Amino acid sequence: MINLILFGPPGAGKGTQAKKLADRHNLMHISTGDILRNEIAQSTPLGLKVKDIMDRGELVSDAILIEILRSVIEKHKDVNGFIFDGFPRTVPQAEALEDMMRQEGQKIAAVISLEVNEEELIKRLLNRALELGRSDDTEEVIKNRLSVYTNQTSVLKQFYTEKGLVHIVNGIGSIDDIFSVLVGITSKLN
Ligand code: AMP
C-alpha cells in the first residue's frame with residue numbers, strides 16, 4: 001500500500017496530478033474539497049454548514065475534516081493506497097492523519113510539494129473560474145484562499161520535511177511533463 005499527499009497552494013495542480021497518479025498506480029484519490037462540494041450540491045446538513053465558510057475561502061473546522069477522513073478510510077480498507085489532495089491543511093489534521101494511518105498499520109510514503117509562484121496561481125485560478133464557475137474562484141476569495149494557505153497550511157511543509165517525506169516538484173510546465181516527474185518519484189516508493 002502506498003499513501004501519498006499532494007501538497008501545495010490552491011491552483012498548484014494537485015487535483016489534476018492526483019487523478020493521473022491515482023489511475024497510474026491504482027490508488028484512491030481523496031479530494032476533501034470535492035467531498036465538501038458534493039455535500040453542498042446535495043444540500044446535506046454538512047453541506048449547509050460548510051457552504052458559507054467555503055464561499056469565503058476559509059478552512060472548514062478540523063473536527064469536520066478529520067471525521068470525513070476517518071469515515072473514508074474506514075470504508076476503503078481494500079484499496080492499494082490513498083492520494084490525499086487538499087488534506088491535511090493544518091497541523092492538527094496532519095497529526096490526526098498520522099494516527100489514523102498508524103491504526104491501520106499504514107503510513108504516508110511521500111509528500112509531494114507542487115510549487116508555483118503566486119502570480120501564476122492567481123492567473124490559473126481566475127481561468128478556472130471562467131471554466132468551472134466555482135463559487136470560491138472570484139478574485140477576492142482567491143486572494144483570501146492564498147493567504148489562508150500561507151498562514152495556516154504552508155507550515156506543513158516543514159512538518160513533513162522534518163519527517164524526511166517531502167519531494168519538491170516545480171509545478172510550472174505541461175501537465176504531462178510534471179506527471180512524468182511525479183511518476184519518477186512515486187515509482188521508487190514502496
Ligand atoms: P479545495 O478544492 O481543496 O481547494 O478546497 C476548497 C475549500 O474546501 C477550501 O477553501 C476549504 O474551505 C474547504 N476544504 C477542503 N479541504 C479542507 C481541509 N483539509 N481543511 C479545511 N477546509 C478544507
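The structure displayed is predicted, hence computed values, not measured ones. For ligands, and for the atoms within them, numbers begin at 1 and follow the listed sequence. Along the sequence shown, the residues carry numbers beginning at 1.
- The immediate protein surroundings of ligand 1, defined as residues with any heavy atom under 4.0 Å of it, consist of Thr32, Gly33, Leu36, Arg37, Met54, Glu58, Leu59, Val60, Leu65, Gly86, Phe87, Arg89, Gln93, Arg134, Asp136, Arg145.
- Surrounding CD of Glu118 are at most 12 heavy atoms belonging to other residues, nucleotides or ligands under 6.0 Å away.
- In this structure, CD1 in Ile30 is found 5.0 Å from CE in Met28, a value given to the nearest 0.5 Å.
- In this structure Lys77 satisfies the side chain to side chain contact (heavy atoms under 4.5 Å, CB included) test together with Glu74, Glu104, sequence neighbours excluded.
- Within the hydrophobic cluster formed by Ile, Leu, Val, Met, Phe, Trp and Tyr side chains joined at under 4.5 Å, directly or through other members, Ile175 stands alone, with no partner residue.
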I'd like a table of donor-acceptor pairs (distance under 3.5 Å, sequence neighbours excluded) in which one partner is a side-chain atom from residues 140-148, with atom names and distances.
| unit_1 | atom_1 | unit_2 | atom_2 | d |
| --- | --- | --- | --- | --- |
| Lys143 | NZ | Glu139 | OE2 | 3.3 |
| Asn144 | ND2 | Arg56 | O | 2.7 |
| Asn144 | ND2 | Glu58 | OE2 | 3.1 |
| Arg145 | NH1 | Asp136 | O | 2.8 |
| Arg145 | NH1 | Asp137 | OD1 | 2.8 |
| Ser147 | OG | Asn144 | O | 3.2 |

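- A cation-pi contact, defined as under 6.0 Å to the ring centre and within 45° of the axis, links Lys163 to Phe159.
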